[in-house]
Amino acid sequence: MTTAATERFYAEIAASTATLASIVDGADLTRPVPTCPDWTLRQLATHVGRAHRWAGEIVATRSAESIPFRAVPDGRLPDDPGLQAGWLRDGADRLISAVRAAGTEPVWAFARLRPASFWARRMAHETAVHRADAEIAAGRGPVIDAGIAADGIDEWLEDEPGDDSQASRLGALADGQVLHFHATDEGLGEAGEWLVQRSGDRITARHGHGRGDAAVRGPASALLLVLVRRLAPDDAPVQIIGDRAVLERWLAATPF
């Protein structure tokens with residue numbers, strides 16, 4: 001991961017957290033979050049702030065093992081409304097500082113050791129999607145930077161060894177079926193196209209242009225929000241070509 005890419009992830013963490021903090025500040029925290037069933041705005045804010053502290057603690061301590069999510073220090077959203085926005089921003093700042101200091105040192109990252117900078121990417125996408133959740137709850141239309149969104153799609157489609165999602169994704173596509181996602185933003189080029197295919201007992205995703213059983217075209221932000229089920233395809237500025245049922249089965253099998 002390049003320094004420029006990592007800096008972009010830091011900027012996304014800070015900016016999305018600032019937006020979330022502004023929505024939380026003075027809001028009714030019992031407001032439901034439609035895209036996170038059973039969550040209120042308070043629970044969403046707590047999750048994001050605690051996630052930042054959790055990842056930051058793993059990195060800061062150079063932990064080779066997972067840390068219990070609920071055991072993270074200062075992991076509770078303050079009761080005082082005047083402190084809540086600052087608590088969110090502070091969690092993002094702690095995470096960014098910890099990753100900057102650790103650089104490429106190995107730390108725990110989902111059952112293996114990876115460079116600490118892994119957490120900049122992972123938490124940039126986690127924060128951007130949950131910021132979108134808060135915006136939707138507030139009645140706003142979320143938009144994620146095209147470059148961040150395209151990388152978020154990369155991350156979402158990556159096949160990690162031992163990833164439990166592989167089994168559920170297999171049921172979404174028949175053998176040989178292909179889904180084509182095409183981000184129409186200028187400047188993305190091949191980095192804005194993905195072919196997802198089932199071959200036997202394996203799902204693969206690669207960049208490239210090709211014919212799919214179904215294709216989805218639109219801005220990278222809209223594609224990501226559709227893929228992580230924050231926007232329904234009919235509510236997003238995307239075009240679906242081909243067999244819509246293939247896309248619907250894929251979405252049903254891939255919760256965020």
Side-chain angles (χ1 to χ4, degrees), residues 1-17 35-36 47-48 51-52 54-56 58-59 66 92 95-96 99 104 106-133 142-169 172-173 179-183 185 187-197 202-208 216 218-231 236 238 247 250-251 253-256:
M1 189 182 301
T2 66
T3 300
T6 305
E7 289 295 330
R8 194 170 190 181
F9 295 141
Y10 295 152
E12 181 61 40
I13 293 168
S16 279
T17 302
T35 47
C36 295
H47 173 81
V48 173
H52 288 164
W54 173 71
I58 289 168
V59 173
S66 180
L95 169 64
I96 293 167
V99 178
T104 59
V107 299
W108 180 89
F110 302 108
R112 72 188 70 181
L113 295 179
R114 310 187 205 217
S117 56
F118 163 89
W119 286 106
R121 185 190 193 206
R122 172 79 288 280
M123 296 312 297
H125 298 314
E126 179 82 5
T127 310
V129 170
H130 284 316
R131 177 258 293 177
D133 289 324
V143 176
I144 297 172
D145 171 83
I148 291 291
D151 188 75
I153 295 169
D154 273 350
E155 187 198 47
W156 186 237
L157 296 178
E158 282 172 1
D159 173 28
E160 292 285 355
D163 188 344
D164 291 339
S165 69
Q166 181 74 202
S168 64
R169 293 180 179 193
L173 297 176
L179 263 169
H180 177 211
F181 299 104
H182 183 185
D185 311 80
L188 289 179
E190 191 173 271
E193 292 197 67
W194 300 263
L195 293 167
V196 181
Q197 181 173 11
R202 195 75 177 165
I203 298 286
T204 59
R206 61 181 175 85
H207 286 289
V216 189
S221 175
L223 289 181
L224 175 62
L225 292 172
V226 166
L227 279 167
V228 296
R229 305 198 310 193
R230 266 47 190 186
L231 290 178
V238 299
L247 172 65
W250 177 265
L251 295 177
T254 54
F256 180 79

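Between the side chains of Glu193 and His180, at least one donor-acceptor pair of N or O atoms lies under 3.5 Å. Side chains of Thr127 and His52: a donor-acceptor N/O pair is present below 3.5 angstrom, by distance only.
Note: His130 and Phe256 have perpendicular aromatic rings, judged against thresholds of 30 and 60 degrees for the angle between ring planes. Phe110 and Trp119 have tilted rings, their planes meeting at an angle from 30° to 60° on a 0 to 90° scale.
Results of the side-chain contact (heavy atoms from CB on, under 4.5 Å) test with Met123 over Ile96, Thr17, Ile13, Val99 single out Ile13 as the only residue that passes.
Taking the ring axis of Trp156 as reference, the NZ or CZ atom of Arg169 stays within 45° of it and closer than 6.0 Å to the ring centre.
Rounding to the nearest 0.5 Å gives a distance of 6.0 Å between CD1 of Ile148 and NE2 of His125. Rounded to the nearest 0.5 angstrom, Arg114 CZ and Arg121 CZ are separated by 9.5 Å. Once rounded to the nearest 0.5 Å, the distance linking CZ of Arg122 with CG of Leu95 reads 11.5 Å. Rounding to the nearest 0.5 Å gives a distance of 9.5 Å between CG of Asp145 and OG of Ser16. Expressed to the nearest 0.5 Å, how far CD1 of Ile58 lies from OG of Ser66 amounts to 5.5 Å. One finds the CG atom of Leu157 at 9.5 Å from the CG atom of Leu224 (value rounded to the nearest 0.5 Å).
Of the possible polar contacts, none joining the Arg206 side chain to the Leu195 backbone as a donor-acceptor pair under 3.5 Å is found. With Arg8 contributing its side chain and Thr6 its backbone, the two residues share no donor-acceptor pair below 3.5 Å. Judged by distance alone, the side chain of Arg229 and the main-chain N or O of Leu251 form a donor-acceptor pair under 3.5 Å. A donor-acceptor pair is defined here as one N or O able to donate and one able to accept, closer than 3.5 Å; such a pair exists between the side chain of Asp185 and the backbone of Ala220.
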Practice problem: Just do the side-chain contact (heavy atoms from CB on, under 4.5 Å) check on Ile144 and Leu225 with the steps written out, would you? | Solution: CA-CA 9 Å; Ile144 297 172; Leu225 292 172; 4.0 Å; yes
Quiz item: Phe9 and Asp151: side-chain contact (heavy atoms from CB on, under 4.5 Å), yes or no, with the steps?
Solution: CA-CA 10 Å; Phe9 295 141; Asp151 188 75; 3.4 Å; yes
Practice problem: Take Leu247 and Phe181 through the test side-chain contact (heavy atoms from CB on, under 4.5 Å) and record every step on the way to the result. | Solution: CA-CA 10 Å; Leu247 172 65; Phe181 299 104; 4.1 Å; yes
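Looking at heavy atoms from C-beta onward, Thr35 lies out of side-chain contact with Val129 at the 4.5 angstrom threshold. Looking only at side-chain heavy atoms (C-beta outward), Val196 and Thr204 stay at 4.5 Å or farther from each other. For the pair Asp133/Arg230, a side-chain contact is recorded, criterion being any heavy-atom separation below 4.5 Å from C-beta on. Between Leu227 and Trp250 the shortest side-chain heavy-atom distance falls below 4.5 Å. Between Arg131 and Glu126 there is no side-chain heavy-atom pair separated by less than 4.5 Å.
A pairwise comparison of heavy atoms in Val238 and Ala222 identifies CG1-CB, 3.8 Å as the closest pair. For the pair Ala236 and Val226, the tightest heavy-atom approach, listed with the atom from each and the gap, is CB-CG2, 3.6 Å.
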